[in-house]
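Hydrogens, waters and symmetry mates are skipped; everything else that's a heavy atom, side chains included, is used. Residue numbers begin at 1 in each chain, while the letters A, B, ... track the order of the sequences. Note that this is a predicted model, so its numbers are computed, not measured.
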Protein chains: 2
Amino acid sequence: MKISAQEEYGLRCMIAIASSKKDNGLSIPEISKMERLSEPHVAKILSILRKTGYIKSIRGQGGGYILARSPEAILISDLLSSLGGRVFTPEFCDRFNGHTEECVHKGVCPINILWEKIQIAIDRALHGITLSDIIKGLNNAGDKNSNQKHLFMQNIANAQVKR
Amino acid sequence: MKISAQEEYGLRCMIAIASSKKDNGLSIPEISKMERLSEPHVAKILSILRKTGYIKSIRGQGGGYILARSPEAILISDLLSSLGGRVFTPEFCDRFNGHTEECVHKGVCPINILWEKIQIAIDRALHGITLSDIIKGLNNAGDKNSNQKHLFMQNIANAQVKR
DNA sequence: ATTAAAGTTTACTTTTTTGTACATTATAAT
DNA sequence: ATTATAATGTACAAAAAAGTAAACTTTAAT
(Lines give C-alpha, C1' and ligand atoms only; values in the text may rest on other atoms or scores of the structure.)
Protein backbone atom coordinates (compact mmCIF):
# COMPACT_ATOMS: atom_id res chain seq x y z
CA MET A 1 0.00 0.00 0.00
CA LYS A 2 1.44 3.25 -1.08
CA ILE A 3 0.47 6.86 -1.35
CA SER A 4 -0.13 7.89 -4.97
CA ALA A 5 1.46 10.97 -6.55
CA GLN A 6 -1.99 12.47 -6.88
CA GLU A 7 -2.65 12.18 -3.15
CA GLU A 8 0.74 13.57 -2.23
CA TYR A 9 0.80 16.53 -4.60
CA GLY A 10 -2.94 17.19 -4.33
CA LEU A 11 -2.66 17.56 -0.58
CA ARG A 12 0.42 19.79 -0.92
CA CYS A 13 -1.45 22.11 -3.28
CA MET A 14 -4.40 22.30 -0.89
CA ILE A 15 -2.09 23.24 1.97
CA ALA A 16 -0.38 25.87 -0.19
CA ILE A 17 -3.70 27.43 -1.19
CA ALA A 18 -5.12 27.28 2.33
CA SER A 19 -1.98 28.89 3.77
CA SER A 20 -2.02 31.77 1.33
CA LYS A 21 -2.98 35.19 2.67
CA LYS A 22 -3.82 36.69 -0.72
CA ASP A 23 -7.46 37.51 -1.55
CA ASN A 24 -7.54 36.33 -5.12
CA GLY A 25 -5.71 33.16 -4.29
CA LEU A 26 -2.60 31.45 -5.55
CA SER A 27 -1.89 31.13 -9.25
CA ILE A 28 -0.57 28.10 -11.09
CA PRO A 29 2.82 29.76 -11.72
CA GLU A 30 3.10 30.61 -8.01
CA ILE A 31 2.31 27.10 -6.84
CA SER A 32 4.58 25.73 -9.54
CA LYS A 33 7.51 27.69 -8.10
CA MET A 34 6.66 26.93 -4.47
CA GLU A 35 6.32 23.20 -4.97
CA ARG A 36 8.85 22.80 -7.79
CA LEU A 37 6.36 21.14 -10.12
CA SER A 38 5.90 22.04 -13.77
CA GLU A 39 3.04 24.44 -14.52
CA PRO A 40 1.08 21.92 -16.63
CA HIS A 41 1.44 19.43 -13.81
CA VAL A 42 0.09 21.86 -11.24
CA ALA A 43 -2.70 22.77 -13.66
CA LYS A 44 -3.72 19.13 -13.91
CA ILE A 45 -3.74 18.60 -10.16
CA LEU A 46 -5.72 21.77 -9.55
CA SER A 47 -8.24 20.84 -12.21
CA ILE A 48 -8.97 17.64 -10.29
CA LEU A 49 -9.32 19.57 -7.02
CA ARG A 50 -11.64 22.05 -8.72
CA LYS A 51 -13.81 19.37 -10.31
CA THR A 52 -14.14 17.55 -7.00
CA GLY A 53 -15.25 20.79 -5.37
CA TYR A 54 -12.37 21.57 -3.04
CA ILE A 55 -11.16 24.76 -4.70
CA LYS A 56 -12.61 27.56 -6.81
CA SER A 57 -10.84 29.37 -9.62
CA ILE A 58 -10.72 33.07 -10.34
CA ARG A 59 -10.06 33.54 -14.04
CA GLY A 60 -8.37 36.35 -15.89
CA GLN A 61 -5.37 38.45 -15.03
CA GLY A 62 -4.57 38.52 -11.34
CA GLY A 63 -6.64 35.38 -10.82
CA GLY A 64 -5.78 32.16 -9.07
CA TYR A 65 -7.28 29.50 -6.83
CA ILE A 66 -8.98 29.77 -3.44
CA LEU A 67 -10.61 27.20 -1.18
CA ALA A 68 -14.21 26.42 -2.07
CA ARG A 69 -15.08 26.08 1.65
CA SER A 70 -13.45 27.11 4.89
CA PRO A 71 -10.49 24.90 5.86
CA GLU A 72 -12.40 23.87 9.00
CA ALA A 73 -14.96 22.25 6.72
CA ILE A 74 -12.48 20.22 4.71
CA LEU A 75 -11.79 16.81 6.20
CA ILE A 76 -8.43 15.34 5.27
CA SER A 77 -10.00 11.89 5.01
CA ASP A 78 -12.49 13.17 2.40
CA LEU A 79 -9.79 14.97 0.49
CA LEU A 80 -7.57 11.89 0.38
CA SER A 81 -10.45 9.68 -0.72
CA SER A 82 -11.20 12.06 -3.58
CA LEU A 83 -7.58 12.15 -4.65
CA GLY A 84 -6.70 8.49 -4.34
CA GLY A 85 -9.69 6.35 -3.51
CA ARG A 86 -10.18 4.11 -0.50
CA VAL A 87 -8.61 0.81 0.56
CA PHE A 88 -12.02 -0.73 1.11
CA THR A 89 -15.35 0.06 -0.48
CA PRO A 90 -18.55 -2.01 -0.55
CA GLU A 91 -17.94 -2.53 -4.29
CA PHE A 92 -14.47 -3.87 -3.60
CA CYS A 93 -15.29 -7.41 -4.72
CA ASP A 94 -15.91 -6.20 -8.27
CA ARG A 95 -12.32 -5.06 -8.66
CA PHE A 96 -10.12 -8.14 -8.51
CA ASN A 97 -12.00 -11.11 -9.82
CA GLY A 98 -9.56 -12.68 -12.24
CA HIS A 99 -11.16 -14.37 -15.23
CA THR A 100 -14.73 -14.58 -14.01
CA GLU A 101 -17.78 -12.40 -13.60
CA GLU A 102 -18.12 -12.90 -9.88
CA CYS A 103 -15.26 -13.15 -7.42
CA VAL A 104 -14.42 -16.76 -6.45
CA HIS A 105 -14.38 -15.81 -2.78
CA LYS A 106 -18.00 -14.80 -2.53
CA GLY A 107 -19.39 -15.42 0.94
CA VAL A 108 -16.80 -15.38 3.72
CA CYS A 109 -13.83 -13.54 2.30
CA PRO A 110 -10.95 -13.20 4.74
CA ILE A 111 -9.12 -10.71 2.56
CA ASN A 112 -12.07 -8.44 2.15
CA ILE A 113 -12.42 -8.34 5.92
CA LEU A 114 -8.74 -7.51 6.31
CA TRP A 115 -9.02 -4.54 3.96
CA GLU A 116 -12.08 -3.35 5.85
CA LYS A 117 -10.15 -3.60 9.10
CA ILE A 118 -7.36 -1.51 7.61
CA GLN A 119 -9.83 1.02 6.26
CA ILE A 120 -11.46 1.40 9.67
CA ALA A 121 -8.05 1.96 11.24
CA ILE A 122 -7.18 4.65 8.71
CA ASP A 123 -10.54 6.37 9.16
CA ARG A 124 -10.06 6.38 12.90
CA ALA A 125 -6.54 7.78 12.61
CA LEU A 126 -7.74 10.64 10.44
CA HIS A 127 -11.04 11.16 12.21
CA GLY A 128 -11.90 14.81 12.63
CA ILE A 129 -8.64 16.17 11.20
CA THR A 130 -9.35 19.12 8.96
CA LEU A 131 -7.21 21.14 6.59
CA SER A 132 -7.37 23.90 9.18
CA ASP A 133 -5.70 21.67 11.79
CA ILE A 134 -2.79 21.02 9.45
CA ILE A 135 -2.29 24.72 8.77
CA LYS A 136 -2.52 25.66 12.46
CA GLY A 137 -0.19 22.83 13.39
CA LEU A 138 2.30 24.08 10.85
CA ASN A 139 2.13 27.65 12.17
CA ASN A 140 2.52 26.65 15.81
CA ALA A 141 5.31 24.22 15.10
CA GLY A 142 7.14 26.88 13.16
CA ASP A 143 7.59 29.10 16.26
CA LYS A 144 10.47 27.29 17.90
CA ASN A 145 12.93 24.97 16.22
CA SER A 146 13.00 22.23 18.82
CA ASN A 147 10.61 19.29 18.89
CA GLN A 148 8.76 20.49 15.85
CA LYS A 149 7.42 17.11 14.91
CA HIS A 150 6.21 16.35 18.41
CA LEU A 151 4.52 19.73 18.63
CA PHE A 152 2.77 19.17 15.36
CA MET A 153 1.53 15.75 16.43
CA GLN A 154 0.25 17.23 19.71
CA ASN A 155 -1.65 19.94 17.89
CA ILE A 156 -3.34 17.42 15.66
CA ALA A 157 -4.17 15.14 18.58
CA ASN A 158 -5.63 18.03 20.57
CA ALA A 159 -7.78 19.05 17.63
CA GLN A 160 -9.06 15.49 17.34
CA VAL A 161 -10.09 14.96 20.95
CA LYS A 162 -12.33 18.01 20.80
CA ARG A 163 -14.54 16.25 18.25
CA MET B 1 -4.89 4.83 -1.16
CA LYS B 2 -5.69 1.54 -2.75
CA ILE B 3 -4.70 -2.08 -2.54
CA SER B 4 -2.57 -3.14 -5.50
CA ALA B 5 -3.28 -6.21 -7.60
CA GLN B 6 -0.05 -7.72 -6.36
CA GLU B 7 -1.11 -7.40 -2.73
CA GLU B 8 -4.57 -8.78 -3.40
CA TYR B 9 -3.57 -11.76 -5.52
CA GLY B 10 -0.37 -12.43 -3.62
CA LEU B 11 -2.28 -12.76 -0.37
CA ARG B 12 -4.89 -14.99 -2.04
CA CYS B 13 -2.18 -17.33 -3.29
CA MET B 14 -0.61 -17.50 0.15
CA ILE B 15 -3.95 -18.41 1.68
CA ALA B 16 -4.53 -21.05 -0.97
CA ILE B 17 -1.12 -22.63 -0.39
CA ALA B 18 -1.43 -22.46 3.39
CA SER B 19 -4.89 -24.04 3.30
CA SER B 20 -3.78 -26.96 1.16
CA LYS B 21 -3.54 -30.36 2.81
CA LYS B 22 -1.27 -31.88 0.16
CA ASP B 23 2.33 -32.72 1.04
CA ASN B 24 3.98 -31.56 -2.15
CA GLY B 25 1.96 -28.38 -2.22
CA LEU B 26 -0.23 -26.68 -4.76
CA SER B 27 0.81 -26.41 -8.39
CA ILE B 28 0.46 -23.39 -10.63
CA PRO B 29 -2.30 -25.06 -12.70
CA GLU B 30 -4.20 -25.87 -9.52
CA ILE B 31 -4.00 -22.34 -8.12
CA SER B 32 -4.84 -20.99 -11.57
CA LYS B 33 -8.10 -22.95 -11.56
CA MET B 34 -8.95 -22.17 -7.94
CA GLU B 35 -8.40 -18.43 -8.27
CA ARG B 36 -9.42 -18.03 -11.93
CA LEU B 37 -6.15 -16.41 -12.90
CA SER B 38 -4.08 -17.35 -15.96
CA GLU B 39 -1.20 -19.75 -15.34
CA PRO B 40 1.49 -17.24 -16.39
CA HIS B 41 -0.06 -14.74 -14.04
CA VAL B 42 -0.01 -17.16 -11.11
CA ALA B 43 3.57 -18.10 -12.04
CA LYS B 44 4.62 -14.47 -11.82
CA ILE B 45 2.95 -13.88 -8.46
CA LEU B 46 4.43 -17.07 -7.01
CA SER B 47 7.88 -16.14 -8.27
CA ILE B 48 7.68 -12.93 -6.26
CA LEU B 49 6.54 -14.82 -3.18
CA ARG B 50 9.36 -17.31 -3.64
CA LYS B 51 12.04 -14.65 -4.12
CA THR B 52 10.85 -12.79 -1.02
CA GLY B 53 11.10 -16.04 0.94
CA TYR B 54 7.48 -16.79 1.76
CA ILE B 55 7.11 -20.00 -0.24
CA LYS B 56 9.34 -22.83 -1.48
CA SER B 57 8.99 -24.67 -4.76
CA ILE B 58 9.15 -28.38 -5.46
CA ARG B 59 10.16 -28.84 -9.06
CA GLY B 60 9.41 -31.65 -11.47
CA GLN B 61 6.33 -33.77 -11.98
CA GLY B 62 4.02 -33.78 -8.99
CA GLY B 63 5.69 -30.65 -7.69
CA GLY B 64 4.19 -27.40 -6.50
CA TYR B 65 4.56 -24.75 -3.84
CA ILE B 66 4.58 -24.99 -0.05
CA LEU B 67 5.06 -22.37 2.67
CA ALA B 68 8.68 -21.63 3.47
CA ARG B 69 7.82 -21.28 7.19
CA SER B 70 4.91 -22.28 9.39
CA PRO B 71 1.85 -20.06 8.92
CA GLU B 72 2.17 -18.99 12.58
CA ALA B 73 5.49 -17.38 11.67
CA ILE B 74 4.16 -15.38 8.73
CA LEU B 75 2.89 -11.95 9.74
CA ILE B 76 0.29 -10.48 7.40
CA SER B 77 1.83 -7.05 7.84
CA ASP B 78 5.22 -8.34 6.62
CA LEU B 79 3.64 -10.15 3.72
CA LEU B 80 1.72 -7.07 2.61
CA SER B 81 4.79 -4.87 2.90
CA SER B 82 6.72 -7.28 0.68
CA LEU B 83 3.96 -7.37 -1.88
CA GLY B 84 3.03 -3.70 -2.01
CA GLY B 85 5.36 -1.55 0.05
CA ARG B 86 4.47 0.69 2.96
CA VAL B 87 2.59 4.00 3.19
CA PHE B 88 5.40 5.54 5.18
CA THR B 89 9.10 4.74 5.23
CA PRO B 90 11.99 6.83 6.55
CA GLU B 91 13.11 7.33 2.93
CA PHE B 92 9.69 8.67 2.01
CA CYS B 93 10.93 12.20 1.34
CA ASP B 94 13.05 10.95 -1.57
CA ARG B 95 10.00 9.80 -3.50
CA PHE B 96 7.97 12.88 -4.36
CA ASN B 97 10.24 15.84 -4.70
CA GLY B 98 9.12 17.43 -7.96
CA HIS B 99 11.92 19.06 -9.91
CA THR B 100 14.57 19.27 -7.21
CA GLU B 101 17.10 17.06 -5.53
CA GLU B 102 15.77 17.61 -2.06
CA CYS B 103 12.08 17.91 -1.11
CA VAL B 104 10.92 21.52 -0.67
CA HIS B 105 9.25 20.63 2.63
CA LYS B 106 12.39 19.59 4.46
CA GLY B 107 12.09 20.25 8.16
CA VAL B 108 8.55 20.20 9.53
CA CYS B 109 6.50 18.38 6.95
CA PRO B 110 2.84 18.03 7.86
CA ILE B 111 2.17 15.53 5.10
CA ASN B 112 5.00 13.27 6.07
CA ILE B 113 3.64 13.21 9.60
CA LEU B 114 0.15 12.36 8.33
CA TRP B 115 1.46 9.39 6.37
CA GLU B 116 3.35 8.21 9.42
CA LYS B 117 0.17 8.48 11.48
CA ILE B 118 -1.66 6.37 8.92
CA GLN B 119 1.16 3.83 8.83
CA ILE B 120 1.09 3.48 12.60
CA ALA B 121 -2.67 2.92 12.49
CA ILE B 122 -2.31 0.21 9.86
CA ASP B 123 0.50 -1.49 11.77
CA ARG B 124 -1.59 -1.47 14.91
CA ALA B 125 -4.64 -2.88 13.10
CA LEU B 126 -2.60 -5.77 11.70
CA HIS B 127 -0.43 -6.25 14.76
CA GLY B 128 0.12 -9.90 15.55
CA ILE B 129 -2.15 -11.27 12.83
CA THR B 130 -0.53 -14.25 11.14
CA LEU B 131 -1.41 -16.27 8.10
CA SER B 132 -2.42 -19.03 10.50
CA ASP B 133 -5.06 -16.77 12.08
CA ILE B 134 -6.63 -16.15 8.69
CA ILE B 135 -6.80 -19.85 7.88
CA LYS B 136 -8.23 -20.77 11.30
CA GLY B 137 -10.72 -17.95 11.10
CA LEU B 138 -11.83 -19.21 7.72
CA ASN B 139 -12.27 -22.77 8.99
CA ASN B 140 -14.23 -21.75 12.08
CA ALA B 141 -16.42 -19.32 10.19
CA GLY B 142 -17.22 -22.01 7.65
CA ASP B 143 -18.96 -24.19 10.25
CA LYS B 144 -22.27 -22.39 10.45
CA ASN B 145 -23.74 -20.09 7.85
CA SER B 146 -24.95 -17.31 10.10
CA ASN B 147 -22.82 -14.37 11.23
CA GLN B 148 -19.82 -15.58 9.31
CA LYS B 149 -18.20 -12.21 9.04
CA HIS B 150 -18.66 -11.42 12.72
CA LEU B 151 -17.26 -14.81 13.68
CA PHE B 152 -14.22 -14.26 11.51
CA MET B 153 -13.59 -10.83 13.01
CA GLN B 154 -13.90 -12.29 16.51
CA ASN B 155 -11.40 -15.03 15.73
CA ILE B 156 -8.89 -12.51 14.48
CA ALA B 157 -9.44 -10.22 17.45
CA ASN B 158 -9.02 -13.09 19.89
CA ALA B 159 -5.78 -14.13 18.22
CA GLN B 160 -4.49 -10.56 18.51
CA VAL B 161 -5.16 -10.01 22.20
CA LYS B 162 -3.07 -13.08 23.05
CA ARG B 163 0.03 -11.30 21.69
C1' DA C 1 -9.56 48.05 -28.20
C1' DT C 2 -5.38 45.81 -27.07
C1' DT C 3 -2.45 43.36 -24.30
C1' DA C 4 -0.77 40.55 -20.73
C1' DA C 5 -1.60 37.32 -17.27
C1' DA C 6 -4.34 34.16 -15.70
C1' DG C 7 -7.38 29.63 -15.93
C1' DT C 8 -9.22 25.58 -19.24
C1' DT C 9 -9.21 21.88 -22.40
C1' DT C 10 -7.48 18.33 -25.16
C1' DA C 11 -4.12 15.55 -26.80
C1' DC C 12 0.04 13.42 -26.26
C1' DT C 13 4.39 11.03 -24.06
C1' DT C 14 6.58 8.56 -20.55
C1' DT C 15 6.76 5.49 -16.81
C1' DT C 16 4.92 2.02 -13.92
C1' DT C 17 1.98 -1.67 -13.10
C1' DT C 18 -0.33 -5.55 -14.65
C1' DG C 19 -0.74 -9.43 -17.32
C1' DT C 20 0.74 -12.78 -21.34
C1' DA C 21 3.64 -15.96 -24.25
C1' DC C 22 6.88 -19.12 -24.80
C1' DA C 23 11.24 -21.43 -24.55
C1' DT C 24 14.03 -23.75 -20.90
C1' DT C 25 15.08 -26.64 -16.90
C1' DA C 26 13.93 -30.18 -13.47
C1' DT C 27 12.07 -34.47 -11.80
C1' DA C 28 8.85 -38.37 -11.07
C1' DA C 29 6.65 -42.05 -13.48
C1' DT C 30 6.70 -45.22 -17.07
C1' DA D 1 15.82 -43.48 -21.68
C1' DT D 2 11.60 -41.34 -22.60
C1' DT D 3 7.72 -38.90 -21.46
C1' DA D 4 4.66 -36.08 -18.97
C1' DT D 5 4.14 -32.64 -15.69
C1' DA D 6 5.86 -29.21 -13.13
C1' DA D 7 8.72 -24.87 -12.07
C1' DT D 8 11.82 -20.91 -14.09
C1' DG D 9 13.38 -17.16 -16.93
C1' DT D 10 13.05 -13.79 -20.38
C1' DA D 11 10.83 -11.07 -23.31
C1' DC D 12 6.86 -8.86 -24.67
C1' DA D 13 1.96 -6.50 -24.64
C1' DA D 14 -1.68 -3.91 -22.53
C1' DA D 15 -3.48 -0.80 -19.29
C1' DA D 16 -3.16 2.68 -15.90
C1' DA D 17 -0.88 6.46 -13.72
C1' DA D 18 2.02 10.34 -14.04
C1' DG D 19 3.57 14.11 -16.35
C1' DT D 20 4.08 17.44 -20.62
C1' DA D 21 2.70 20.55 -24.53
C1' DA D 22 0.16 23.68 -26.67
C1' DA D 23 -3.96 25.89 -28.34
C1' DC D 24 -7.94 28.28 -26.33
C1' DT D 25 -10.84 31.27 -23.15
C1' DT D 26 -11.37 34.79 -19.66
C1' DT D 27 -10.57 39.16 -17.48
C1' DA D 28 -7.94 43.15 -15.42
C1' DA D 29 -4.97 46.80 -16.70
C1' DT D 30 -3.44 49.92 -20.01
Other residues, nucleotides, ligands: >12 heavy atoms within 6.0 Å of B/R69 CZ: yes
side-chain N/O A/H99 vs C/dT20 OP1/OP2, d < 4.0 Å: yes
Test item: A/Q160 side-chain N/O and A/G128 main-chain N/O as donor-acceptor pair under 3.5 Å: no
A/Y65 side-chain N/O to C/dT8 phosphate OP1/OP2 under 4.0 Å: yes
Per B/A5 side chain, nearest of listed nucleotides D/dA7, D/dA28, C/dG19: C/dG19
N or O in side chain of A/R50 less than 4.0 angstrom from C/dT8 OP1/OP2: yes
Between C/dA26 (P) and B/I28 (CD1): distance, integer Å: 16 Å
Protein-nucleotide distance (B/N24, atom CG; D/dA7, atom C1'), rounded to Å: 13 Å
Nearest-Å distance for atom pair CZ/C1', residues B/R59 and C/dA26: 5 Å
Check: A/N97 and A/E102 side chains under 4.5 Å, non-hydrogen atoms: no
Whole-Å distance separating the NZ atom of A/K44 from the C1' atom of C/dC12: 10 Å
Nearest-nucleotide 5' precedence on DNA chain D, A/L37 against B/S57: B/S57
Distance in angstrom units between B/I58 CD1 and D/dT5 C1', rounded: 14 Å
Between C/dT8 (P) and A/E39 (CD): distance, integer Å: 14 Å
Interatomic distance, A/H41 NE2 vs C/dT13 P [rounded to whole Å]: 18 Å
Check: B/G98 main-chain N/O paired with A/Y9 side-chain donor or acceptor under 3.5 Å: yes
A/Q61 side-chain proximity, nearest of C/dG7, D/dG9, C/dA4: C/dA4
Distance below 4.0 Å between B/S38 side-chain N/O and C/dT20 OP1 or OP2: yes
